[in-house]
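Worksheet: the structure to be examined is printed underneath.
The first residue in the sequence is number 1, and the count goes up from there. Both counts, for ligands and for their atoms, begin at 1 and track the order of listing.
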Amino acid sequence: MKTLSAKASAIAPSATLSISAKANEMKKNGLSVISFSVGEPDFKTPVFIINACKEALDKGVTKYTPVGGTAELKRAICDKFRRDNSLEYEPDNIVVSTGAKSSLFHALYAILNPDDEVIIPKPFWITYSEIVGICGARSVFAETREENGYKITAEEFESLITPSTKCIIINSPNNPSGSVYSEAELRKIAEVAVKHDVFVISDEVYERLVFDGTKHVSIASFGEDIKKITIVINAVSKTYAMTGWRIGYLACDKSIAKVITALQSHTTSNATSFAQYGATAAINYGEETVEEMIAVFAHRRQLIIDLLSETEGVRFNVPLGAFYVFVDVSAYYGRKFRGKIIGNSVDFCSALLDFGVAAVPGAPFGNDKCIRLSYATSEENIHAGIARLNNFLKEFE
Ligand SMILES: Cc1ncc(COP(=O)(O)O)c(C=O)c1O
């Protein structure tokens, strides 16, 4: 057999999925595992969305749709951008895809040439750098400071720009840190991007999950100059508990949307026809269910913050968005747990999993001091899981 593609062989499997797989395996074997590793809401997709999809199936909406999405869904997305983000887009600015991940892939592939540099602030969602690698471009990981909520400042961004810089990826609210950029921070980053003509990929999939009066602002909304060079990525996945439906979308300048649509016409083609009907109903009529979901998340968030605040030796920034807490556990590194020295976030999560709690190590996100806890789980699990974490920590020598 000849050698496989060097680019494909270099791709790392998703750390989140491998932890979830091991936790599921343990559960199957009758062991008790409390999982803080999931990256999706644990709610069911609201019934009215399912009904819209069923109706579409009954009507025979089972054929190809336009590559970039149905006219109804594109209209709903344009309305959403106007309503939620003060952004005016027309249907030709929008490309619907099979999930935000797919939108990100097509967006990056559409703008990157080999050896272009992409600035990615740490910590970052693992998929970004893998896609940049697939495109033959280079990730430039930006160090950020814990005291600044792990957010890149405009000055730090500017200092990393070289003639090869093509783009920066901003993810607010952030996975894994839960940080949310303020309007003032984003305005300064936008000024630098415009000054140096650097594209911005703005991943806003967690935009509705913001707490304590925090406001999500889209960087694209600060005027025509920044809007022209920004590709906004979003999806129905997290907002409406529709992760399995695989419907994402992006908005950008029409010239870029045209290239992305052409690219997508040769990869996935259109997103699933009847799933687009469900997504249209979600975006047009989902507000009430979103508010209900946010209220539940707000309770869980407060609970996990309170419990972790009483946990010895761990530190964390209070997350303002998404459904993650990024917890610095490095005070325990170099110490022994059941005879084994715990040296990093992977060792820590592996020992913690054997103790019956699944969490995701920070190393693949670009921060080895931390672990990511997802609170997309019941209050009962949060109580029990953090109690177990405390017992686990007490056993360290
Ligand atoms: C920051 C971020 N962007 C994008 C995605 C992908 O979303 P989708 O399921 O719509 O592909 C995820 C999923 O975990 C995410 O955390």
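Between Leu353 and Met26, the shortest heavy-atom contact is O-CE, 3.2 Å.
Residues forming a side chain to side chain donor-acceptor pair (under 3.5 Å) with Asp116 (at least two apart in sequence, or on another chain): Lys166.
Within the 4.0 Å heavy-atom criterion, the part of Lys238 lying near ligand 1 is the side chain and not the backbone.
Taking any N or O of Ser237, backbone or side chain, at least one lies under 3.5 Å from an N or O belonging to ligand 1. The shortest N/O to N/O separation between Tyr206 and ligand 1 falls below 3.5 Å.
Taking the centre and axis of the six-membered ring of Phe297, the NZ or CZ atom of Arg300 falls inside the cone set by 45° and 6.0 Å. For the pair Lys188 and Phe157, the cation does not sit on the ring face, since its NZ or CZ is not both under 6.0 Å from the ring centre and inside 45° of the axis.
Each of the following atoms of ligand 1 lies closer than 4.0 Å to a heavy atom of Tyr128: 1 (C). Shown in contact with Asn171 at under 4.0 Å from a heavy atom are these atoms of ligand 1, numbered in order with element: 1 (C). Of all the atoms in ligand 1, the ones that sit under 4.0 Å from a non-hydrogen atom of Ala235 are 10 (O). Short contacts between ligand 1 and Gly99, defined as distances under 4.0 Å to a heavy atom of the residue, involve ligand atoms 10 (O), 11 (O).
Closest to atom 12 (C) of ligand 1, if we only count protein heavy atoms, is Trp125 CZ2, 3.4 Å. Regarding atom 7 (O) of ligand 1, its nearest protein heavy-atom neighbour is Ala100 CB, 3.5 Å. Of all protein heavy atoms, the one closest to atom 9 (O) of ligand 1 is Arg246 NH1, 2.9 Å.
Remark: aromatic rings of Phe36 and Tyr375 are distant, center separation not under 6.0 Å.
Across Ile247, Leu104, Asn234, Asp203, heavy-atom proximity to atom 3 (N) of ligand 1 is greatest for Asp203.
With respect to Cys252, the side chain to side chain contact (heavy atoms under 4.5 Å, CB included) criterion is satisfied by exactly one of Ile94, Ile111, Asn93, Ile231: Ile231.
Inspection of the Lys151 and Tyr181 side chains reveals no N or O donor paired with an N or O acceptor under 3.5 Å.
Other residues, nucleotides and ligands contribute at most 12 non-hydrogen atoms within 6.0 Å of the CD atom of Glu380.
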